[in-house]
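One structure below.
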Amino acid sequence: MGTRLAPVTDAAKSASVDAPRPRILVLDGHSMAFRAFYALNYENFYTDKGEFTNAVYGFTSMLLKMIEQREPTHVAVAFDLSGPTFRSEEYEEYKGGRDATPEPFKGQIEMIEQLMHALNIPTISMEGYEADDIVASVSSQGQAAGFDVIVVSGDRDAFQLIDDHVTVLYPKKGVSDIPAMDADAVMEKYGVWPANYPDLAALVGEKADNLPGVPGVGPKTAAKWINLYGTSEQVLEHADEIKGKTGENLRAYADDVRRNRKLNALVRTLELPVSFEDMELGAPDAQELDALFTRFEFKTLRKRVAEVFAVSAEPVEQVEVPEVQLLADAAALGEWFAAGAGAVHALAVQIEQPDGALPGAPGDVASIALAREGATAWVDPTELDAAATAALEAYLADAAAPKVLHDAKAALKAFAARGLTLEGIVDDTMISAYIDQPDRRSDDLADLVQIYLQESLEEEAPATTQGELALDLDHTASRQAAARRADAVRRLHEVLAPVLEQNGQTPLLRDLELPLSRVLVDMEAAGIAVDVARLDELIADFGSQMEQAKEAAYAAIGHEVNLGSPKQLQVVLFEELDLPKTKKIKTGYTTDAASLQELLEKTGHPFLAALMAHRDASKLKQTVEGLRKAVAEDGRIHTTYAQTIAATGRLSSLNPNLQNIPVRSEEGRRIREVFTVGEGFETLLTADYSQIEMRILVHLAQDEALIQAFKDGEDLHRFVGSHVFGVEPEDVTSAMRSKVKAMSYGLAYGLSSFGLSKQLNIGVDEARTLMSDYYKRFGAVKTYLSGVVEQAHKDGYTETLLGRRRNLPDLKSDIRQAKDAAERAALNAPIQGTAADIIKVAMLKVQARLEGAELASRLLLQVHDELVLEVAPGELEAVTALVEEEMGSAMELSVPLDVHVGVGTTWHAAAH
DNA sequence: GCCGTTACGTA
DNA sequence: CGTACGTAACGGCG
């Protein structure tokens, strides 16, 4: 048998299980960075400034994975230095014959070191020694100090470190497949125990280190010898006993073997410049990290780092949740609610989606967890008898019983589908958090709990995998998890409510967003009817248009090409056809519509026209196909409105998005013809605000002339044109009108003279003159716009008329691009946001009037400045009047809010 | 299957 | 080198 130096006894095994040891992850940074470099093509990883980042990316990604999977408490990374080591002093040819460092790799080690610094992970390098020696020292000394150690190295010499408390992760290929090697794995693979691995390597040799071994001796032979005699030295002592050519070789190369063994022994006794305490995982330096990720242009990793370190950086204790009371009958329910009368309850409603349901479908209520201060409970509404059901329903419908939810809209929808009412909602933490930070992209309760409560919210009860017994047969764990969520919602509310109050945003929540959720529930439930047959016709129609355009395109170039692939198009346009180069993008030159149009005008090449026709038809086909798939069993399309996504306060629409149905092109408008009035209703009605953003701008700027123009109901663009160009209104030409129109629209976006010139196809000088003439004539607008940016710089946020804020931290950015973009966002946010405020108010008022008058007509869609309603028979006159009134009076501005109403049996027809 | 990129529809 | 969104296809990674 071989020499196994530290046999594992049963006692040792159970001891190590009983007392969990802290765990160090120590990496050979250099070898792993190199692995990453060769695993990922550097041509795909470079920044705008031309820095290559593939090794940094791969290394970081691998590190995060290790931290996630192995959950170390401590981490350190070792690096080589460039100078001589004791090994090269000893043996000049050590690691000789290696190729020069590839150019794109240079600098990436420094970048990794900077990143580690930002993550508060110590990097260690020591003169005269290699990273592997540092790893060995951390490993041996750490093991002795009571740590479990995980070594990550691309060098097989690390195997000698393996023992009961030391595991080596050695990459098989690239940086994605890094299996753990323990003693058994080494034995399995090489036939020797880890302690003898260097003996084996000494005999076989290591090509990568330029250490030749005994000719004719491979791992199999070496392992056989080691298992017979012991160490490599002991093998040499018995060299005489080995017959044949290999025996001869062994005797001839004995010195080489001794040299190899000396050089591949890792040094475990280095005096490390870093203490174990320093290696403990802590919070990263957020600013430093941010700067590096921006420089490296890492987006996904930024998120992953946030995730990984939010958890492992601050292992916050799970907050104790009061024992879950099971509310299984009327008595239990009665007792629970009696004891908590008047208290705010948080509800975590678990909703189940039936298989095959369309994304927007309401889902069913599977359970409700409740939490109030000091108590939690859980109830399955489907398992209750009549008396208990009545008790629960009475509570849910009790407007005097204050409730807090996270994503109340989803719950309301599910309740409504069961015919239940949910009243008394005083907060929706998803919306509160959105009002506080409208830019944050995640609505996830766990993320918000992390941000606002600095806790980690446990995941749902662990899923049982195949072949494993379910451990939660009585659902205790899942009930506890649900109660934990409810309790988190309750405490989130306690944190958020004062924040909103402080910022004067309680009315925005209470009087606008919360009631709006209910309106949206109704709109989503209503959906809009579609003519499926027309939809299918359009699919076929656009399909044949695509086919035609495709044929024409192929004919124009004499071969086939994937017209949907920008990459392939670049080859055709700029290599084969050698057309003039367009605007540069990351992957070469753009093939976007504007550029294709330009190219067509310049060259008249028939391929371009065919390509553009194909693009148009394909886009339209894709739109109608998406709609076709979204038609529910009731023949209607039910979109979902996202109330907490858009940073400005707008709604967004998804699954499908009904806020981007084509309208500008004739062909596109045909799609609007498939949206029809539903059965039992008389007509569709559209009502849209005319020029609402311009009106808001004028109101905010208090420009007297423009206020008057709106009050007089003048043609705004004609009016502005006459002033800017100094002519009578009737002498404003259509060219003049379209110029000031573009300018006016561009104002609220921070349009530059360059942008304006591009859009109008005029010189930059002319654009600049136009802008200055505009501002000269309407000075208040300019004063307002620069004031907004100034104020935003001062406060760090912008505000709408209803107090909706948008934080703009990038205003302080040192990066020009980021700062400029933030300034444009600052210009736009109050205007777009106020428009959002206004139409939201209007929706509430319209809904209230419809309900108050007991009309059957209903709101169906909102498209930012437009509402679509379905009008019941005989109600057209009343509905038209109330919609005009309520939209027009949604907010009192210095200018009138003009509303344009149209009626028709299709959305298209109603738009007139 | 995930993710970034490109392109494009709306206000 | 104009804001705010959502969706889809492609292609490189896994």
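Note on naming: letters A, B, ... go to the chains in the order of the sequence lines (proteins, then strands), and numbering restarts at 1 for each one.
- For the side-chain hydrogen bond (donor to acceptor under 3.5 Å, both in side chains) condition, no pair includes a residue of residues 745-762 of chain A, sequence neighbours left out.
- Taking 4.0 angstrom as the limit, A:Arg824 places none of its side-chain polar atoms (N or O) nearer than this to OP1 or OP2 of C:dA4.
- In summary, the side chains of A:Thr644 and A:Asp443 do present a donor paired with an acceptor at a separation below 3.5 Å, with no hydrogens or angles considered.
- Atom CE in A:Met62 sits roughly 18 Å away from atom P in C:dC13 (whole-Å rounding).
- Rounded to whole Å, the distance from CG on A:Leu563 to P on C:dG11 is 12 Å.
- Among the protein residues, A:Ile645 comes within range of the sugar-phosphate backbone only, with heavy atoms under 4.0 Å from sugar or phosphate atoms but none that close to a base.
- Residues that satisfy the salt bridge (charged side-chain N to carboxylate O under 4.0 Å, His left out) test with A:Arg670, not counting sequence neighbours, are A:Asp541, A:Glu667.
- In this structure, A:Asn655 does not reach the C:dG6 phosphate: none of its side-chain N or O atoms is under 4.0 Å from OP1 or OP2.
- Partners of A:Glu524 by salt bridge (charged side-chain N to carboxylate O under 4.0 Å, His left out), not counting sequence neighbours, listed by chain and number: A:Lys409, A:Lys413.
- With rounding to whole Å, A:Leu64 atom CG is found 14 Å from B:dC3 atom P.
- The side chain of A:Gln622 lies closest to C:dA8 when the candidates are C:dG12, C:dA8, C:dA4.
- Side chain to side chain, A:Gln643 and A:Glu513 meet the donor-acceptor criterion of an N or O pair below 3.5 Å.
- A salt bridge links A:Arg534 to A:Glu673: one of the charged nitrogens lies within less than 4.0 Å of a carboxylate oxygen.
- When only modelled atom types and interatomic distance are considered, A:Ser595 and A:Tyr589 share no side-chain donor-acceptor pair under 3.5 Å.
- Between the CG atom of A:Leu756 and the C1' atom of C:dT3 there is a distance of 16 Å, rounded to whole Å.
- At the heavy-atom level, A:Ser653 lies under 4.0 Å from the strands shown only through sugar-phosphate atoms.
- For the pair A:Ser565 and C:dG11, the criterion of a side-chain N or O lying under 4.0 Å from OP1 or OP2 is met.
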Determine, for nucleotides 6-11 of chain B in 5'-to-3' order, which nucleotides have protein heavy atoms under 4.0 Å from the base (write B), from only the sugar-phosphate (write S), or from neither (write -).
SSBBBB

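- Of the charged side-chain nitrogens involved, at least one lies within less than 4.0 Å of a carboxylate oxygen, so that A:Asp898 and A:Arg695 count as a salt-bridged pair.
- Spacing between atom CG of A:Leu747 and atom P of C:dG2 amounts to 13 Å, rounded to whole angstrom units.
- The aromatic rings of A:His605 and A:Phe607 sit perpendicular, their planes meeting at an angle over 60°, well past the 30° parallel limit.
- At whole-Å resolution of the value, OH in A:Tyr745 and P in C:dA4 are 19 Å apart.
- A:Leu760 places its CG atom 12 Å from the P atom of C:dG2, with the value rounded to the nearest Å.
- Rounded to an integer number of Å, the gap from CG of A:Leu808 to P of C:dT3 is 12 Å.
- Using a 4.0 Å heavy-atom cutoff across all strands shown, A:Lys758 reaches no nucleic acid atom at all.
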Reading DNA chain C 5' to 3', what string of ( ), [ ], | and . shows its pairs, if Watson-Crick and G-U wobble pairs count only when both distances fall under 3.5 Å?
..|||||||||||.

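- As judged by a 4.0 angstrom heavy-atom cut-off over every strand, A:Ala642 is placed among residues making no nucleic acid contact.
- Judged as a ring-ring contact (aromatic ring centres under 6.0 Å, His included), and not counting sequence neighbours, the contacts of A:His908 are A:His912.
- As judged by a 4.0 angstrom heavy-atom cut-off over every strand, A:Arg806 is placed among residues touching the sugar-phosphate backbone only.
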